[in-house]
**Q** 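Quick one: this structure, given as structure tokens, is what I'll be asking you about.
A note on names: the letters A, B, ... follow the listed sequences, proteins ahead of strands, and every chain is numbered from 1. Quick caveat: nothing in here was measured; it's all calculated off a predicted structure.
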There are 2 protein chains.
Amino acid sequence: MIDIAARVYNHTWKIDPIVRSVLDTDFYKLLMGQSIFRRHPDAQVTFGIHNRTAHVRLADIIDVGDLREQLDHVRSLSLTRGESTWLRGNMFYGKRQMFSPDYVAWLERFRFPAYHLEKRDGQYELTFEGPWVETTMWEIPALAIINELRSRAVLKGLGKFELQILYARAMTRVWEKIQFLKTLGTVNLADFGTRRRHGFLWQDWCVQALIEGLGENFLGTSNCLIAMRREVEAAGTNAHELPMVYAALARTDADLLRAPYQVLADWQEDYEGNLRIMLPDTYGTTGFLAEAPDWLAHWTGIRIDSKDPLDGGEEAIAWWRSRGQDPTQKLAIFSDGLDVEEVERITTRFSGRMRLGFGWGTLLTNDFRGLAPAGGLDPISIVCKVISANGRPAVKLSDNPTKAMGPPEEIERYRRLFKVGVQPARAALV
Amino acid sequence: MIDIAARVYNHTWKIDPIVRSVLDTDFYKLLMGQSIFRRHPDAQVTFGIHNRTAHVRLADIIDVGDLREQLDHVRSLSLTRGESTWLRGNMFYGKRQMFSPDYVAWLERFRFPAYHLEKRDGQYELTFEGPWVETTMWEIPALAIINELRSRAVLKGLGKFELQILYARAMTRVWEKIQFLKTLGTVNLADFGTRRRHGFLWQDWCVQALIEGLGENFLGTSNCLIAMRREVEAAGTNAHELPMVYAALARTDADLLRAPYQVLADWQEDYEGNLRIMLPDTYGTTGFLAEAPDWLAHWTGIRIDSKDPLDGGEEAIAWWRSRGQDPTQKLAIFSDGLDVEEVERITTRFSGRMRLGFGWGTLLTNDFRGLAPAGGLDPISIVCKVISANGRPAVKLSDNPTKAMGPPEEIERYRRLFKVGVQPARAALV
């Protein structure tokens, strides 16, 4: 029997929307959003898309009209009643009422602000300007839309069975990775793949495969909508945008040097337990740890992002020891371009020496490498980052010079102030 | 939206029937059926299942109640109006009205006759006794049911995603075979996989994949129902049961020796063109060709089944030449346990020397080798063959002694009369 009503209803959509919910975003955006809402309601912050995989000329691949339609559709979204109820009633990281009634009330009224879009040199210049608490919300949907529109453009013209085999191969690949992870013993792993996903349905499939395949070892997903629908944990803590904005807003060099710690001082007023995971690499991990106040050594853990994960892990262990902490009680979360071989390498090195968690992103939700001609579906390294705050340029250095962002003279100033020496470059695959 | 009506309708099925149509059978059963209907309406023929893969204890795997339910369901089937219209109106092998109005009228009234089922030594003894024109119809549905019930038993208890990956892998395997076939140039190939298929939906999927993947090189399917629904050619000619019954009915040694040729003399009164494909191996190909009347050399082609295909092909070419025929105008159809490597081997040897056709069966529609634990889904070599005709035992020798069937003393008698010497044994994988 054909469900005629469903089919006719489907006809009435003008487009096939990629992002269909305010909650189709990463959990940390809401955690950070609440902190911004409380402390920086007036900060004006501009975000912008940057495709580090420059040879993939997105503006030649993705139709600008399609992109506008998808972005405009996001602007029509608002939090639904059930979504609001979930935010108010669900337990996050073991705690109820993680979000204050006034922030949820704000979120209910929230609409995505305007965007600015133009083509430049084969890429899209896509920026979001306005109150930080609003513009921050664009990061994930903007990236997800660009990645999925690229997927759609590449898949256009494939036959029905070619498509089915493409997904059969991709599914088999994910499943084989999951089977491999199971051979590693207890591996605590979460899906961090919203922003770079092949598509929403694909991410949802991957999460369900992880639920069946990993069982208790699957910690949850960063995607709020999928966490809600699949009834798993929503996972995530905080990101570079906090120290980047705090630093950009600093009026003096001393304020600038204090900024990364001020972020975390504010954070621990808002969140506790497993949400107290520091991200130390915004202006170089080594300097950050050397200058860190002692209270940070009491935090639950650390996220190791842009540095070689083995070096970063050893550095964290040494630092905890130097501060009189027991590393075996600490949690290290790895999340930079991870794939299962890297998970194995890290587990082998650190198992029993500290608690480990893995945020598996792009190579979970977008590993179609080699499945389309000319690498057309190979993932790209695309980000949406803070460009400026209250008109002042924002800077990120990280532990990997290829990931540095900001005006060159500002990068130089930050490198000098934060005493960042020579950093080994690592190719950013994703 | 949920189609509630469809879901409730599905609840009302007592079982999930495997064979749902009289036409879910091989085309050659109807061609042979029409000949039997015309010439041997009174012959009483018993068919029986034989599992040559004895170590797979089907009676331990398949529940006898499930098997009875499926067989009983087949007995409830009758030709539908649309199916009858297709048989009357469709063009088969370039000809309209292949089936006479009286045979189609008979088929409209046809119901599957009773079966006899019992367990013996871990196998099912399943026999069909009655008028040949009726019992012949059981061969394909009985085999398809047993094969699919075995698949279902093995798949029971797998997780949703384990199942999805299993099919993803099987689909990828079929698709890679199709891609390999495309590298061989023009390969004329038909699906012959109904009897040993993994399941009906799977066969239907394979046919659709061949339609998209091979295009013009895909000749069609032996399955009438799928040919009708997918609007492709129905393919097939005749089988061992004709000479087996003719031989069993022979009253004298001279009649017995004439029987294989009498089959084909009758056949060419009924069918022409590409349906004039002789199957020479029932009592040994070499003797059959040596004694064959000259009019057989004018037939369109030959099916090479139980002999090594390269030897069989060379033998056919030499025979045609010895009878003054041009082998490049002749058609050789290969159909014994084929897989794509064998297709390549045959194509390489014979391309340009004769026209080639391939009937791809079990390893198209049931290649799940290695995809379930302990080879639980590896295909088995199961057949449904004539046991006796009018109470007299039936015998098959073929070119492969492991495929010989019949009472030992009758096999000896046939071997002596047909002057069958030493035959090389070939393992019957499927």
**Q** Let me know if B/I2 has heavy atoms under 4.5 Å from chain A in its side chain, its backbone, both or neither.
**A** backbone

**Q** Decide yes or no for B/E162 and A/W175: does some side-chain heavy atom of the first lie under 4.5 Å from some side-chain heavy atom of the second?
**A** yes

**Q** Taking side chain as everything from C-beta outward and backbone as N, CA, C, O, which of these in A/Y9 sits under 4.5 Å from a heavy atom of chain B? Side chain, backbone, both or neither.
**A** side chain

**Q** Checking B/A170 against chain A: side chain, backbone, both or neither under 4.5 Å from a heavy atom?
**A** neither

**Q** Heavy-atom distances under 4.5 Å only: say whether B/Q208 touches chain A with side chain, backbone, both or neither.
**A** both

**Q** I need the minimum non-hydrogen distance between B/T172 and A/I165, along with the two atoms involved.
**A** N-CD1, 3.9 Å

**Q** Any side-chain heavy atom of A/R169 within less than 4.5 Å of one from B/E176?
**A** yes

**Q** Mind listing the closest non-hydrogen atom pair of B/Q164 and A/W205 along with its distance?
**A** OE1-NE1, 2.7 Å

**Q** Quick check for you: to the nearest 0.5 Å, what is the distance between B/I178 atom CD1 and A/F161 atom CZ?
**A** 8.5 Å

**Q** Let me confirm one number: the CZ-CG distance from B/R7 to A/D3, rounded to the nearest 0.5 Å.
**A** 13.0 Å

